[in-house]
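Worksheet: one structure, shown below.
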Amino acid sequence: MISLYIDHNELEKGTVFLQWLIDAMAYETNCSFDFLSQEIKHFLEKLEKNQKENILIYLLNRVEKRDEIMDIIVQSFNNMEYVDVFRNEMNLWTKEIEYNIYPALKQRAKNFVSLFLKLAYEKGLDDQILDVTIQDHQNLDCIKHWQIKRFMDKEEYLKARELLEESLKTCQEYGPRKRYKLLYKELLINQKDTETLKGFLRELIKSYRDIETYRELKNLYSKEEFREVRFEIFSEFSYDDFLLKLYVEEHNWKSLLKNLSMRSDLNFLNMYEKQIPQEFEADIVQVYKEILEKNAQLAANRNVYKEWANTMIHMMEYDTGSQVVREMLYRWSRLYSSRRAMQEELQVVYRALSDE
């Protein structure tokens with residue numbers, strides 16, 4: 001189809017058609033860009049330099065639509081003749097990052113730059129073009145992230161480490177800083193710097209409370225060695241919700257149940273209940289009872305009483321639950337007889353017991 005425009009020397013119309021075709025195919029994931037790449041190559045041979053540059057600008061701003069668009073860019077524009085176009089477009093993208101007042105649009109620009117650099121590097125865009133493209137914007141975190149990754153891919157670990165350590169000193173924004181830390185972890189693994197990695201993983205666990213990082217740390221120790229480390233980590237999270245996840249990870253069910261009871265929060269027990277083995281069913285019922293007994297010491301509203309009643313019915317699903325609920329109802333009927341709303345909401349529990 002493009003050849004018809006070439007044959008009739010209607011290159012401007014051919015350019016419009018080509019742009020329409022690229023946009024149309026970008027949303028058709030089953031369509032191959034292979035034939036389009038050949039058409040573009042043939043079409044570009046007939047264009048003047050400024051016309052080719054306009055096609056490149058058009059393609060550069062659409063790389064997020066299909067990865068194959070970067071293939072076309074690399075195949076057709078991978079030489080220093082077009083470096084100014086790459087640099088100018090990067091200047092426009094980075095202005096969106098630096099000056100846009102809307103966080104969502106600013107983040108979109110960051111994501112676009114990151115994707116462009118990733119694809120350009122993976123697809124084989126000339127290193128010299130890439131260096132010129134980013135040279136005026138190396139203060140941006142999204143570009144630093146990519147530069148660090150490129151150093152690591154080339155096994156230039158000293159350069160990567162230097163840039164990483166410098167960036168960690170200056171970057172305080174949560175998302176980019178976390179990315180730097182994950183890259184630093186990757187660097188330490190690549191360098192086989194196990195001792196530094198151990199300490200850094202401890203920092204990551206403390207900062208992000210991530211179970212996968214905890215597993216990575218555990219794998220660096222023998223079973224005996226990790227025992228003391230585990231104790232230290234558990235101590236660091238004594239009053240933190242992350243401790244519950246650690247108990248689950250280590251199958252420390254008794255400590256988990258004890259901690260859940262101390263928290264007196266039904267939501268936490270609901271969250272972890274299904275992860276606890278069946279052999280601890282009686283203990284689960286007991287923790288429910290302890291939480292309800294503590295909460296019942298203070299009067300509440302009808303919605304809370306409904307929640308307690310539903311919890312009691314849930315307790316009855318366990319073998320020991322019904323007996324425990326009977327004892328609680330008897331006790332509450334005497335202790336809280338003056339709480340009319342409470343006693344009314346508990347009637348549904350009495351009915352559930354009578355239906356057994």
Rounded distance (nearest 0.5 Å) linking atom [atom1] of [X] with atom [atom2] of [Y]:
X: Leu269; Y: Leu257; atom1: CG; atom2: CG; value: 7.5 Å
X: Met152; Y: Glu186; atom1: CE; atom2: CD; value: 3.5 Å
X: Ile276; Y: His251; atom1: CD1; atom2: NE2; value: 11.5 Å
X: Phe112; Y: Gln107; atom1: CZ; atom2: CD; value: 14.0 Å
X: Lys118; Y: His145; atom1: NZ; atom2: NE2; value: 15.5 Å
X: Leu168; Y: Leu163; atom1: CG; atom2: CG; value: 9.5 Å

State, with a plain yes or no, whether a side-chain heavy atom of [X] is found less than 4.5 Å away from one of [Y].
X: Ile129; Y: Tyr82; result: no
X: Met80; Y: Val132; result: yes
X: Val325; Y: Val285; result: no
X: Leu117; Y: Val113; result: yes
X: Leu346; Y: Met312; result: yes
X: Leu60; Y: Phe77; result: no
X: Asp210; Y: Leu204; result: no
X: Phe116; Y: Met90; result: yes

Could you report the tightest heavy-atom contact between [X] and [Y], atom names first, then the distance?
X: Leu292; Y: Leu266; value: CD2-CD1, 4.1 Å
X: Asn61; Y: Glu89; value: ND2-OE1, 2.9 Å
X: Val63; Y: Leu119; value: O-CD1, 3.9 Å
X: Arg339; Y: Tyr305; value: CD-OH, 3.7 Å
X: Asn139; Y: Asp136; value: OD1-O, 4.4 Å
X: Ser238; Y: Leu243; value: O-CD2, 3.8 Å

Does [atom1] belonging to [X] count more than 12 external heavy atoms closer than 6.0 Å?
X: Gln128; atom1: CD; result: no
X: Glu279; atom1: CD; result: yes
X: Lys169; atom1: NZ; result: no

Could you tell me whether the side chains of [X] and [Y] share a donor-acceptor contact shorter than 3.5 Å?
X: Arg334; Y: Tyr330; value: yes
X: Trp332; Y: Glu293; value: yes
X: Asp141; Y: Tyr180; value: yes
X: Arg215; Y: Asn219; value: no
X: Gln323; Y: Glu327; value: yes
X: Tyr157; Y: Asp193; value: no
X: Glu250; Y: Tyr214; value: yes

What I want to find out is whether [X] reaches [Y] closely enough, with some N-O distance under 4.0 Å, to be called a salt bridge.
X: Glu45; Y: Lys41; answer: no
X: Lys181; Y: Glu203; answer: no
X: Glu98; Y: Lys106; answer: no
X: Lys154; Y: Asp127; answer: yes
X: Glu96; Y: Lys110; answer: no
X: Lys218; Y: Glu249; answer: no
X: Glu344; Y: Lys306; answer: no

Given the rule that I, L, V, M, F, W and Y join up when any side-chain heavy atoms are under 4.5 Å apart, are [X] and [Y] in one cluster?
X: Ile211; Y: Val248; value: yes
X: Leu220; Y: Leu188; value: yes
X: Leu92; Y: Leu130; value: no
X: Leu158; Y: Tyr184; value: no
X: Val324; Y: Leu335; value: yes

Could you walk me through whether Arg150 and Lys159 pass side-chain contact (heavy atoms from CB on, under 4.5 Å), step by step? CA-CA 10 Å; Arg150 182 165 69 151; Lys159 289 183 179 179; over 6 Å; no
Show the numbers, then the answer: is there a side-chain contact (heavy atoms from CB on, under 4.5 Å) between Met271 and Asn267?
CA-CA 6 Å; Met271 189 185 309; Asn267 292 325; 5.7 Å; no
Which word best sums up how the rings of [X] and [Y] line up, parallel for under 30°, tilted for 30 to 60°, or perpendicular for over 60°?
X: Phe237; Y: Phe242; answer: perpendicular
X: Phe268; Y: Tyr272; answer: parallel
X: His314; Y: Tyr318; answer: perpendicular

Give a yes/no verdict on a cation-pi contact between [X] and [Y], requiring under 6.0 Å between NZ or CZ and the six-membered ring centre and an angle within 45° of the axis.
X: Arg230; Y: Phe226; result: no
X: Arg62; Y: Tyr58; result: yes
X: Lys178; Y: Tyr208; result: yes
X: Lys198; Y: Tyr221; result: yes

Please check this pair: side chain of [X] against backbone of [Y], looking for a donor-acceptor N/O pair closer than 3.5 Å.
X: Ser76; Y: Ile73; result: no
X: Asn259; Y: Ser255; result: no
X: Arg177; Y: Cys171; result: yes
X: Ser354; Y: Arg351; result: yes

- Checking side chain to side chain donor-acceptor pair (under 3.5 Å) for the pair Asp283/Tyr288: CA distance, chi angles, key distance, verdict? CA-CA 9 Å; Asp283 299 276; Tyr288 268 119; over 6 Å; no
Let me see the working for Arg161 and Phe151 under side-chain contact (heavy atoms from CB on, under 4.5 Å), right down to the final yes or no. CA-CA 9 Å; Arg161 192 162 188 159; Phe151 286 147; over 6 Å; no
Worked check of side-chain contact (heavy atoms from CB on, under 4.5 Å) between Met328 and Met315: CA-CA 12 Å; Met328 290 177 66; Met315 290 167 63; 4.0 Å; yes
